[in-house]
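The block underneath contains the structure these notes are about, expressed in structure tokens.
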Amino acid sequence: MVNTEHTAGTPAATMSVLAMNGGSSSIKFTLYRTGVPLQRRLHGKVDRIGLHGTTLTFYNLERNQHDSRIVGNFDHRSAANFLIDWLDEQIGLTSIEAVGHRVVNGGAHYSEPQRVTQELLDALRRISNYAPEHLPSEIAVIDLLRERVPDLPQIACFDTAFHRDMPRVAKILPIPRRFQAQGVERYGFHGLSYAFLMKELARVAGAEAAWGRVILAHLGNGASLAAVRGGKGIDTSMSFTPAAGVPMSTRSGDLDPGLVWYLAQTEQMSAVQFHHMANHESGLLGVSETSSDLRDLLARENDDVRAAEAVALFCYRVKKCIGGFAAALGGLGTLVFAGGIGENAPAVRARVCGGLEFLGIEIDEERNVTHASVISAESSRVAVRVMHTDEEVMIAESVCRVLNLPIKKEIEHGQQNENA
């Protein structure tokens, strides 16, 4: 039952756009007041979905409230139901003018934000095995909102859209061509983050810098890099799924495909088990055997060789990707670090950039450890920047564009503490 009365202190005329960013174990949300400019009212996340102790964390900016509490042991549908009920209690669902969703993959046919229809949902279900860790749960949240609030407009914003104009040579996977007809190609992800970073780069550094040779490093629990030239992505580290590329918290990144056969023979590992291993038991967790959180590993690396090797492998693979992308770009003008690790781990930034002086990358140690927005030395030929990314802002802007709601180019930003 939708609450038709607004919470005390929330004017009935206040209308909002809700941005939802669903992941494999969390649902992030941000509520924006519509108007000029859009204003953040409320943001937070429901995390540890599918694990013991599902947690709600939220920041109500209008009431200056912050809380974090365990709310149960929820699967995705139960978590989404809880969040919808909670939002109804907080602000009244009738005050939400529209909802935008991050959808991890739009396949070959969807690159622009789309209003959710049954046709779109059917198309997403057909490609749900493209991203089984993400798409089914994202579709489930959309379905649930359609059940609860049938007339509420919903907009799908595709994380693959940023990469759709990559050169064909960057998209082709070196397997039999017949699989291309089934949509098997490099899609790339973190596109909403990359779109935000490029817009922000143009704002803070100017159009010339944003139009030049840029490498974006979105380093968080999920990690990827993108090479951008002339404002368009020309390559990216993730591929057909978000499990490819550099090692991540629990994802392996690129692997020798021969491992599938080898482990099937020696461990009787099925395809399902291999998928679970590569997505949930690998990366930093797999190498360290102790934690998927890079902060934990940095704290232990002096006493635990496994932690030290996990950190070293992560930094090495990111560094190697930067070198390869610089070659693809024909040089480098700007390197951007973003995401929970990229924004908050100066030790990682220093190790990634160390040894890249031949590319013109030089880091100023003091700027780096104090998290300056520009951490490159004055003598550096490449500008190295640290930027806060905001996928939810891009979702909100897309909703407003599709539905012709009031919007201003400069949206009010607030700090978020999530590890992307």
Side-chain angles (χ1 to χ4, degrees), residues 30 37-40 43 59 61 162 190-229 231 233 294-295 298 314-315 318-319 321-322 325-326 329 331-354 356-357 359-394 396-397 408-420:
T30 305
L38 289 173
Q39 294 178 327
R40 255 183 7 151
H43 71 94
Y59 303 80
L61 304 180
F162 182 84
H190 288 137
L192 291 169
S193 173
Y194 291 141
F196 175 87
L197 292 172
M198 289 304 297
K199 188 170 77 166
E200 188 71 358
L201 180 62
R203 186 182 71 84
V204 300
E208 184 177 353
W211 200 253
R213 296 174 172 88
V214 180
I215 293 177
L216 306 171
H218 178 114
L219 307 179
N221 287 328
S224 73
L225 293 88
V228 184
R229 186 174 59 214
L294 193 121
R295 292 168 296 188
L298 286 169
F314 178 79
C315 295
V318 173
K319 179 188 296 189
C321 189
I322 291 171
F325 282 175
L329 288 166
L332 182 59
T334 304
L335 171 62
V336 176
F337 287 98
I341 296 171
E343 193 178 347
N344 299 303
V348 170
R349 296 193 298 259
R351 295 178 201 185
V352 166
C353 293
L356 293 180
E357 291 82 7
L359 288 178
I361 295 173
E362 297 180 51
I363 296 297
D364 183 293
E365 183 177 352
E366 183 176 354
R367 290 177 180 177
N368 185 39
V369 298
T370 57
H371 302 286
S373 58
V374 178
I375 61 171
S376 45
E378 294 296 333
S379 58
S380 180
R381 299 196 308 273
V382 174
V384 183
R385 294 180 172 271
V386 179
M387 288 183 163
H388 174 71
T389 192
D390 197 332
E391 294 163 318
E392 286 77 27
V393 161
M394 300 307 295
E397 287 185 340
K408 186 178 179 182
K409 186 174 182 181
E410 296 300 328
I411 288 181
E412 289 190 359
H413 301 298
Q415 286 297 315
Q416 294 187 12
N417 296 317
E418 280 81 53
N419 187 19

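Quick note: residue numbers are just sequence positions, from 1.
In this structure, the side-chain hydrogen bond (donor to acceptor under 3.5 Å, both in side chains) partners of Arg367, at least two apart in sequence or on a different chain, are Glu378. For Ala209, the side-chain contact (heavy atoms from CB on, under 4.5 Å) criterion is met by Ala205, Thr334, not counting sequence neighbours. Here Asn368 pairs with Arg349 under the side-chain hydrogen bond (donor to acceptor under 3.5 Å, both in side chains) rule; sequence neighbours left out. For Ser379, the side-chain hydrogen bond (donor to acceptor under 3.5 Å, both in side chains) partners at least two apart in sequence or on another chain are Glu362. Applying the salt bridge (Lys or Arg N to Asp or Glu O under 4.0 Å) criterion to Arg213, with sequence neighbours excluded, gives no partner residue. With sequence neighbours excluded, the residues satisfying side-chain contact (heavy atoms from CB on, under 4.5 Å) with Val382 are Leu332, Leu335, Ile361, Ser380, Val384. Residues passing the ring-ring contact (aromatic ring centres under 6.0 Å, His included) test with Phe162 are Tyr194, sequence neighbours excluded.
With respect to the salt-bridge test (charged N to carboxylate O, under 4.0 angstrom), the residues Glu397 and Lys199 qualify.
When all heavy atoms of Leu219 and Ser224 are compared, the pair lying nearest together is CD2-O, 4.3 Å. Across every non-hydrogen atom of Ala338 and Thr389, the tightest pair is CB-CB, 4.4 Å. Nearest heavy-atom pair, His388 versus Glu343, reported as atom, atom and distance to 0.1 Å: ND1-OE1, 3.3 Å. Nearest heavy atoms, Val386 versus Gly342: CG1-O, 4.1 Å.
The number of heavy atoms from other shown groups lying within 6.0 Å of CD (Glu365) does not exceed 12.
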Derivation of the side chain to side chain contact (heavy atoms under 4.5 Å, CB included) call for Val204 and Met387: CA-CA 10 Å; Val204 300; Met387 288 183 163; 3.6 Å; yes
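Between the CZ atom in Arg351 and the NZ atom in Lys319 there is a gap of 10.5 Å [rounded to 0.5 Å].
Among residues at least two apart or in separate chains, there is no salt bridge (Lys or Arg N to Asp or Glu O under 4.0 Å) pair with a member in residues 217-228.
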